[in-house]
J.: 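Quick one: the structure is below, questions incoming.
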Amino acid sequence: AVLMLGSATPSVETYHAALAGKLELLAMPTRIDDRPLPGVHVVDMREEMKTRKALFSIALEERIAAQIAAGKQVILFLNRRGWAQFVLCRDCGYVAKCPHCAVSLAFHSARAQLACHHCGYSHAAPTLCPDCGGTRIRGFGLGTERVEDTVRTLFPSARVLRLDKDTTKKKGSHHDILSHFRRREADVLIGTQMVAKGLDFPEVTLVGVVSADTGIHIPDFRAAERTFQLLTQVAGRAGRGESAGEVVIQTFSPDHYAVQAAIHHDYEGFYAKEIEFRRELAYPPFRRFAHLVCSSDTAAIAQESAEALAKALTRAKPKEAEVIGPGPAPLARLKGSFRFHVALRAPLEADLSGMVRIALAAVPAAVRRITSVDIDPQSMV
């Protein structure tokens, strides 16, 4: 059997294997019909915010207006749903947090609720601060709902659709939204990563990335790779028809190598930077990881279990392998469970699964029951 992997942004591991001759590398250097890649304009929001505190930069707002006036379509991308990422009291500093997860609650204006995007917990949004009774409780941060509200305010005649988890809960709604947009029954499509890949709308001539910074600083070694992939893929939605496309990227990190590579549609340039970081820090594809997470409704049990696992892994591993941790997971509480994690980093040829099996066999059954194991994890969060 023949397996063909196709992507404009292959994973670092896959591309490294291809360059090493483990896979055959076939390049497609041009678009269909030799259509040009869209031009990319970057807005440094650090400078923009000095004179204009608005959701859209002047450059993006003017281009949206021009494309709507010309009868073309626009896609606006923001990988955060809701209206605001958290609510804060300006009087006492109270922030609404999920009682089951170690995250703040996002504000959803359409249903006037605060919601956790991890466990689904929600309740009515307060009009007064629960701590001090103050009235200055406001939403901060961006979400697709807020982008939609802004577009409707700035361009009242524009027909607007939003594609995210909140608008696609009903069966068939995802298909319906895209069908409406494909039939040109809307001028602007706003969405999360649902709009980034696989969509082919010939009349889309502008893609706006409202914020390129949402994923760059996540504590995971794949954060830069995911940022580059998303920016490159969503930029590719523009200019797929006869008319040339354009992309506007708003960011507070314009000099980040993932953003710079996406600006120039430069996968090879991104790979060259990223592979050196991976080599220096002994990350995949130069080492393999096993990620073990202990979850319990009692923090002490989760911590003690992770510590027992770390000791067992230390005894089971050869000297060239390394145990990292244990410690609280970046998402330290999820769906009511406290989470502590430990990682095992080993050479490529090492029997990673065998080491984990030996370690698990050496700890009590109670520890095994609350442990999840991820070999070659795609995320360490």
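Atom set for the values below is all heavy atoms of this structure, side chains included, hydrogens, waters and symmetry mates excluded. Quantities reported herein were computed from a predicted structural model and do not represent experimental measurements.
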J.: Do H256 and I216 make a side-chain contact, defined as non-hydrogen atoms from C-beta onward lying under 4.5 Å apart?
T.: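 In short, these two side chains touch, coming nearer than 4.5 Å.
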J.: Regarding R52 and E61, does a basic nitrogen lie under 4.0 Å from an acidic carboxylate oxygen?
T.: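 E61 and R52: salt-bridged.
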J.: Under 4.5 Å between any side-chain heavy atoms of L161 and H180, yes or no?
T.: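 Of all side-chain heavy-atom pairs linking H180 with L161, at least one is under 4.5 Å.
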J.: Just by distance, no angles: are the side chains of T14 and S11 close enough, under 3.5 Å, to form a donor-acceptor pair?
T.: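 Yes, S11 and T14 have a side-chain donor paired with an acceptor closer than 3.5 Å.
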J.: Hey, what do you get for OG (S305) to CD1 (I370), rounding to the nearest 0.5 Å?
T.: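 Reported value, rounded in 0.5 Å steps: 3.5 Å.
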J.: Quick one: closest heavy-atom pair of F77 and A196, and the distance?
T.: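 Nearest heavy atoms, F77 then A196: CE1-CB, 4.4 Å.
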J.: May I ask whether I68 and I58 are part of the same hydrophobic cluster, defined by side-chain heavy atoms of I, L, V, M, F, W, Y residues being less than 4.5 angstrom apart, directly or through others?
T.: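 No, I68 and I58 fall in different hydrophobic clusters.
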J.: Search all heavy atoms of Q250 against all heavy atoms of D213 and return the closest pair with its distance.
T.: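 In this case the closest contact between Q250 and D213 is O-OD2, 4.5 Å.
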J.: In terms of relative ring orientation, are F228 and F270 parallel, tilted or perpendicular, with 30° and 60° separating the classes?
T.: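 Judged by the thresholds at 30° and 60°, the geometry between F228 and F270 is parallel.
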J.: If we only count heavy atoms from C-beta on, is the V367 to L309 side-chain gap below 4.5 Å?
T.: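 Yes, their side chains come closer than 4.5 Å.
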J.: Could you tell me whether a side-chain N or O of D91 sits under 3.5 Å from a main-chain N or O of G134, the two making a donor and an acceptor?
T.: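 Looks like no, no N/O pair under 3.5 Å.
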J.: Shortest non-hydrogen contact from M355 to A321?
T.: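 In this case the closest contact between M355 and A321 is SD-CB, 4.4 Å.
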J.: For a quick test of reading the model, state the closest non-hydrogen atom pair linking I249 to A212 and the distance between them.
T.: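 Heavy atoms only, the tightest pair is CG2-CB, 3.7 Å.
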J.: When you group the ILVMFWY residues by side-chain heavy-atom contacts below 4.5 Å and let the links chain together, are V74 and V210 in the same group?
T.: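 The answer is yes; both residues are in one hydrophobic cluster.
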J.: Under a plain distance cut-off of 3.5 Å, with no hydrogens placed, do S243 and K72 share a side-chain donor-acceptor pair?
T.: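 On atom types as modelled, these side chains qualify, holding a pair under 3.5 Å.
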J.: A quick test of your reading: do over 12 heavy atoms of other residues, nucleotides or ligands sit less than 6.0 Å from CZ of R111?
T.: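 Yes.
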J.: Can you list every pair that meets ring pair (Phe, Tyr, Trp, His ring centres under 6.0 Å) and has a residue in residues 113-151, with sequence neighbours left out?
T.: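 Ring pair (Phe, Tyr, Trp, His ring centres under 6.0 Å) check on residues 113-151 returns F86-F140, H100-Y121, H108-H117, Y121-H123.
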J.: To the nearest 0.5 Å, how far apart are OG1 in T214 and CD in Q193?
T.: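 Going from OG1 on T214 over to CD on Q193, the span is 9.5 Å.
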J.: Any side-chain heavy-atom pair from T144 and R80 closer than 4.5 angstrom?
T.: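 Side-chain contact under 4.5 Å: no.
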J.: Roughly how far apart are Q67 CD and R63 CZ, rounded to 0.5 Å?
T.: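 Between Q67 CD and R63 CZ, I get 9.5 Å after rounding to 0.5 Å.
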J.: Let's go through F56 and F155 carefully: what are the C-alpha distance in whole Å and the side-chain angles of both, what is the deciding distance for ring pair (Phe, Tyr, Trp, His ring centres under 6.0 Å) to 0.1 Å, and is it a yes or a no?
T.: CA-CA 12 Å; F56 296 148; F155 310 103; 7.4 Å; no
J.: Please examine the side chains of E246 and P38, heavy atoms only from C-beta on, and report whether any two atoms are closer than 4.5 Å.
T.: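 No, too far: nothing below the 4.5 Å cut-off.
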J.: For the CZ atom of R159 and the CD atom of Q73, what is their distance to the nearest 0.5 Å?
T.: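 R159 CZ to Q73 CD: 8.0 Å, rounded to 0.5 Å.
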J.: One pair to check against side chain to side chain contact (heavy atoms under 4.5 Å, CB included): L360 and V373. What are the steps and the verdict?
T.: CA-CA 10 Å; L360 288 172; V373 179; 4.1 Å; yes
J.: Report yes or no: does Q260 contribute a side-chain atom to a donor-acceptor pair with the main-chain N or O of P254 at less than 3.5 Å?
T.: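 Side chain of Q260 to backbone of P254, a donor-acceptor pair under 3.5 Å: yes, one is there.
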J.: Is it the case that the side chain of T232 and the backbone of Q229 share a donor-acceptor pair, with hydrogens and angles ignored and the cut-off at 3.5 Å?
T.: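 Not confirmed, T232 side chain does not pair with Q229 backbone.
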J.: Quick one: does L313's side chain get under 4.5 Å of R315's, heavy atoms only?
T.: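 When only atoms from C-beta onward are counted, R315 and L313 do not touch, as no gap falls below 4.5 Å.
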J.: Cut-off 3.5 Å, side chains only: do T9 and Q233 have a donor facing an acceptor?
T.: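 Yes.
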J.: Within the 4.5 Å heavy-atom criterion, are V43 and H41 side-chain neighbours or not?
T.: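 V43 vs H41: side chains touch.
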J.: Find out whether S372 and V293 are in side-chain contact, i.e. whether some heavy atom of one side chain is under 4.5 Å from a heavy atom of the other.
T.: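 Yes - at least one pair of side-chain heavy atoms lies under 4.5 Å apart.
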J.: Tell me whether the rings of F221 and F289 are parallel (<30°), tilted (30 to 60°) or perpendicular (>60°).
T.: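 Judged by the thresholds at 30° and 60°, the geometry between F221 and F289 is parallel.
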J.: For R46 and F252, which heavy atoms make the closest approach, and how far apart are they?
T.: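 The answer is CD-O, 3.5 Å.
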J.: Tell me whether the guanidinium CZ or amine NZ of R278 lies under 6.0 angstrom from the six-membered ring centre of Y283 and within 45° of its axis.
T.: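 Ring-cation test returns no.
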J.: Taking CD in E185 as the centre, count heavy atoms belonging to other residues, nucleotides or ligands within less than 6.0 Å. Is the count above 12?
T.: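 Counting neighbours around CD of E185, more than 12 heavy atoms of other residues, nucleotides or ligands fall under 6.0 Å, so yes.
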J.: Would you name the heavy atoms of A361 and R368 that are closest together and state the gap between them?
T.: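 For A361 and R368, the tightest heavy-atom pair comes out as O-NH1, 4.0 Å.
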J.: Using 4.0 Å as the upper bound for N to carboxylate O, is an ion pair formed by R182 and D200?
T.: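 Salt bridge: no.
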